[in-house]
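Below: one structure, written as structure tokens.
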Amino acid sequence: MLVIRSIQQLQTTLAEHRLAGRSLGLVPTMGNLHQGHLQLVKTAQQHADVVMVSLFVNPTQFGANEDLDSYPRTFQQDIDKLEALDTDILFVPTVDEIYPLGGDHSSHVHVPGITTVLCGASRPGHFDGVTTIVSKLFNMSRADVAVFGEKDWQQLAVIRRMVIDLNIPIKIIGEPIVREADGLAMSSRNGYLSTEQRQLAPALYTCLKDIEQALSDGARNYLALQENACSQLNKLGFRVDYLHIMDPLKLTAPTPDDQQFIILVAAFNGDTRLIDNLHLICT
Ligand code: PAF
């Protein structure tokens, strides 16, 4: 695996691949790779000749009181895992390489509308940071396809919208959530959980499954379902940030006739903010 740190070397290397007619798949990450990330790489390998993973803990998507400094950095383990998968290129730029003028003094990409709800409401500016770094990676790499996890459902929806709005010539692939045996969605932030918090964590998924069952059984009082689930989670020891049943594409409230839903939750387990979601189609 070729480890590249500068944009210039990246572009020279990728130009050679392009000249040889090879397609490029991109998997953007912030490192601390788990099975969920590795599945993104495997999917990228099925869709492109050359796969490049980027590893960059992007400061512009973290709020002032968030976990930028403590975000887990496990570089050598990440390299070992990517090499075991025969990844072609790992791009690991520094913050200065990406934001030579500083993150606050550079142009940024803003997607309106769907960035104002859910995580966008709780983490102001977060999606501007995400769309800015992702569009920079798209521009630097000129990748043919990029793969993102569906665990960040809203992030994926925002990126798809950006690609359409800005006519970016790239195919976006969403990869289903990879879960631990007990149902907890894999996340780099799970490592923050104490033993007790880790035991509580899968209850988030159980709660999503309960709502799924109710919707499949015909329940359509979305507000009551949401309120009931929130109070159950809060009683268990979570501090719910949001729990919404929504239209999966528009991320708006569903109508009583809708048959397709996304149930999204964000909740604090101790100081750790966990997110999860469940997509369902009632037939
Ligand atoms: O999902 C993530 O890990 C990040 O938001 C991403 C897409 C790599 C951008 O920094």
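All of these numbers come straight from a predicted model, not from anything done at the bench. Counting convention: from 1, in listed order, for ligands and their atoms alike. We use all heavy atoms of the structure for the numbers below, so side chains are in, but hydrogens, waters and symmetry mates are not.
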Contacting atoms of ligand 1, where contact means under 4.0 angstrom from a heavy atom of [X]:
X	value
Ile133	9 (C), 10 (O)
Pro28	8 (C)
Gln155	1 (O), 2 (C), 4 (C), 5 (O), 7 (C)

ask   = Arg220 side chain to Leu215 main-chain N or O, any donor-acceptor pair under 3.5 Å?
value =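 A pair under 3.5 Å: yes.
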Minimum heavy-atom distance between Gln154 and Val117, given as atom pair plus value =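 So the minimum-distance heavy-atom pair works out to NE2-O, 2.9 Å.
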request  = Scan side-chain atoms only and decide if Ser231 and Asn234 contain a donor-acceptor pair under the 3.5 Å cut-off.
outcome  =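 Per modelled atom types, Ser231 and Asn234 side chains form no pair under 3.5 Å.
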query = Purely on distance, is any nitrogen or oxygen of Asn58 under 3.5 Å from one on ligand 1?
reply =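 No; every N/O pair is 3.5 Å or more apart.
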ask   = Are any of the N/O atoms in Gln61 less than 3.5 Å from those in ligand 1?
value =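 Among all N and O atoms of Gln61, at least one is under 3.5 Å from an N or O of ligand 1.
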key: Residue, atom name and distance, where the atom is the protein heavy atom closest to atom 3 (O) of ligand 1   =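 Closest protein heavy atom to atom 3 (O) of ligand 1: Met30 CG, 3.7 Å.
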ask   = Parallel under 30°, tilted from 30 to 60°, perpendicular over 60°: which one fits the rings of Tyr99 and Phe56?
value =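 Ring orientation of Tyr99 relative to Phe56: tilted.
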key: Leu278/Ile211 under side-chain contact (heavy atoms from CB on, under 4.5 Å): CA gap, chis, key distance, verdict   = CA-CA 9 Å; Leu278 195 155; Ile211 300 175; over 6 Å; no
